[in-house]
Amino acid sequence: MMKKTMTMLLTAAMILSMSVTAFAAEAKYSVSVDDDLLTVNNGETKATYQLEDSKLSLSKSNDGGIALSFRTEDEGGKKVTLGEQKDVSISGDIDYLNISQTLDKDYTIQLDEDADIKELYSDGNAQIKVDGEISRAYLSSSGAKLTANNGSDVEVVYAKNKNSVKGLLSHRVKSYVEPPKIESVSSNYDYDRYYYYDGRYYRRSDSDLGVSNVYDRGSSVRFYCDVSGATVRWNGEKIGTTTKGTNTFDVGPNRYWDDKLTISKDGYETDTIYLGDYYDDYHYYSYRDGVRYWRVY
């Protein structure tokens with residue numbers, strides 16, 4: 001009788017232990033935005049941030065989970081990791097949501113029923129499941145999958161692979177086109193700040209040389225320049241001269257926080273851009289003492 005009672009107690013203890021472990025494993029972070037107040041919550045831990053603007057970026061964290069990047073009013077750019085989870089639910093009003101190419105088909109982005117996304121851009125293969133609203137979505141990867149569930153409201157999706165979009169009428173799914181480029185996540189999304197040239201949209205630049213659309217690709221840097229013949233230096237060493245239009249320069253694989261790109265020409269104000277460590281995320285400009293600094297977002 002005693003042995004039977006002990007066995008039953010041990011069994012109950014094991015079941016309780018497994019239940020607690022299972023609950024802990026299911027405690028996943030969710031992300032919500034309410035009037036530019038960002039909340040990251042997993043039921044046990046809660047953090048809030050006052051956003052400078054409601055633009056978010058999702059990428060792969062160092063431990064293989066999901067990292068969330070954004071800008072705050074007080075601290076500027078921030079990146080937080082959401083543990084090792086490979087799926088995340090998002091809700092609230094968001095002007096721009098970027099999903100990095102580092103998030104592959106093993107990752108799932110769930111847009112809850114009260115999510116209202118103005119612009120969604122994904123260049124990865126993450127699965128996007130929609131219960132809320134999206135005004136415009138751009139899927140630049142043919143492997144990206146977007147599913148609009150019953151009750152969702154998706155106005156239009158521009159997709160490289162239209163067959164990867166499910167749950168929408170055909171007139172809402174269009175062939176992929178490049179979205180207007182947002183050079184700064186801290187700037188207001190304003191179409192008046194863009195101009196159309198040679199089949200592409202470009203942001204109107206405050207640079208005297210007309211430098212805009214700078215893209216850090218790790219081992220190379222690409223940017224648009226209105227002026228030809230400007231000298232381009234990487235950390236003080238000349239690496240070439242510009243042509244009018246899009247320019248691409250190799251900068252090597254070894255990157256540092258104080259990497260500096262300088263573009264200069266007699267008669268023009270020199271453009272100096274500090275490019276931080278490369279993390280393969282969405283990027284933005286911030287200004288400090290009249291110099292443009294490139295930061296990871």
Side-chain angles (χ1 to χ4, degrees), residues 21-34 38-47 54-70 79-168 172-173 176 179 279-282 297:
T21 302
F23 176 78
E26 292 172 358
K28 295 183 177 181
Y29 287 96
S30 62
V31 175
S32 63
V33 177
D34 182 12
L38 170 67
T39 301
V40 180
N41 188 7
N42 73 345
E44 300 174 354
T45 303
K46 179 179 179 180
S54 58
K55 296 181 176 70
L56 306 179
S57 179
L58 299 172
S59 61
K60 185 177 181 179
S61 64
N62 291 334
D63 57 7
I66 296 175
L68 172 67
S69 300
F70 50 91
K79 175 183 282 190
V80 298
T81 60
L82 308 179
E84 298 182 359
Q85 67 190 62
K86 292 191 174 184
D87 60 284
V88 63
S89 62
I90 297 177
S91 60
D93 294 338
I94 300 171
D95 289 338
Y96 186 87
L97 177 62
N98 180 75
I99 302 173
S100 167
Q101 63 183 353
T102 58
L103 298 182
D104 58 28
K105 60 182 179 61
D106 295 329
Y107 293 81
T108 301
I109 312 303
Q110 176 71 50
L111 303 181
D112 290 346
E113 59 183 10
D114 59 347
D116 186 354
I117 314 297
K118 299 299 186 296
E119 302 278 342
L120 182 147
Y121 179 78
S122 174
D123 57 1
N125 295 335
Q127 300 183 57
I128 304 166
K129 299 182 179 180
V130 186
D131 288 315
E133 300 180 17
I134 300 178
S135 297
R136 287 176 294 276
Y138 300 87
L139 309 180
S140 66
S141 170
S142 58
K145 296 185 184 299
L146 185 148
T147 302
N149 296 325
N150 290 336
S152 64
D153 184 5
V154 180
E155 292 185 15
V156 62
V157 177
Y158 299 96
K160 279 282 182 69
N161 177 12
K162 292 199 270 187
N163 292 328
S164 67
V165 181
K166 306 296 182 185
L168 292 179
R172 294 186 181 273
V173 183
Y176 182 77
Y279 293 104
D280 195 24
D281 284 338
Y282 190 72
Y297 174 75

How long is the straight-line distance from [atom2] of [Y] back to [atom1] of [X], given to the nearest 0.5 Å?
X      : Y      : atom1 : atom2 : result
Asp95  : Lys118 : CG    : NZ    : 6.0 Å
Gln110 : Lys129 : CD    : NZ    : 7.0 Å
Ile134 : Leu168 : CD1   : CG    : 8.5 Å
Leu58  : Leu103 : CG    : CG    : 6.5 Å
Ser59  : Ile99  : OG    : CD1   : 11.0 Å
Asn98  : Ser122 : CG    : OG    : 8.0 Å

Show the nearest heavy-atom pair for residues [X] and [Y], with the distance to one decimal.
X      : Y      : result
Ile94  : Ser54  : CG2-O, 3.5 Å
Tyr107 : Ile66  : CD2-CG1, 3.8 Å
Tyr176 : Leu139 : CD1-O, 3.4 Å
Lys86  : Gly64  : CE-O, 3.6 Å
Gly83  : Tyr29  : N-CE1, 4.0 Å

Measure from the side-chain N and O atoms of [X] to the backbone N and O of [Y], and report whether any donor-acceptor pair falls under 3.5 Å.
X      : Y     : value
Glu84  : Gly65 : no
Ser30  : Asn41 : yes
Thr102 : Lys60 : yes
Gln85  : Asp87 : yes

Exercise for review: May I have all residue pairs that pass side chain to side chain donor-acceptor pair (under 3.5 Å) and include part of residues 152-163, sequence neighbours excluded?
Suggested key: none
In residues 141-150, what donor-acceptor pairs under 3.5 Å come from side-chain atoms, sequence neighbours left out?
residue	atom	partner	partner atom	Å
Ser141	OG	Asn125	OD1	2.4
Ser141	OG	Gly143	N	3.2
Asn149	ND2	Asp131	OD1	3.0

Do [X] and [Y] have side chains that get closer than 4.5 Å, going by heavy atoms?
X      : Y      : value
Val154 : Val165 : no
Leu120 : Leu111 : yes
Tyr121 : Glu119 : no

Check your understanding: By salt bridge (Lys or Arg N to Asp or Glu O under 4.0 Å), which residues pair with Asp93, not counting sequence neighbours?
Key -> none
**Study point:** Verdict with reasoning, Leu68 to Val88, per side-chain contact (heavy atoms from CB on, under 4.5 Å)
**Key:** CA-CA 10 Å; Leu68 172 67; Val88 63; over 6 Å; no
Review point. Picking from Val33, Asp114, Val31, Thr39, what satisfies side-chain contact (heavy atoms from CB on, under 4.5 Å) with Ser91?
Key: Asp114
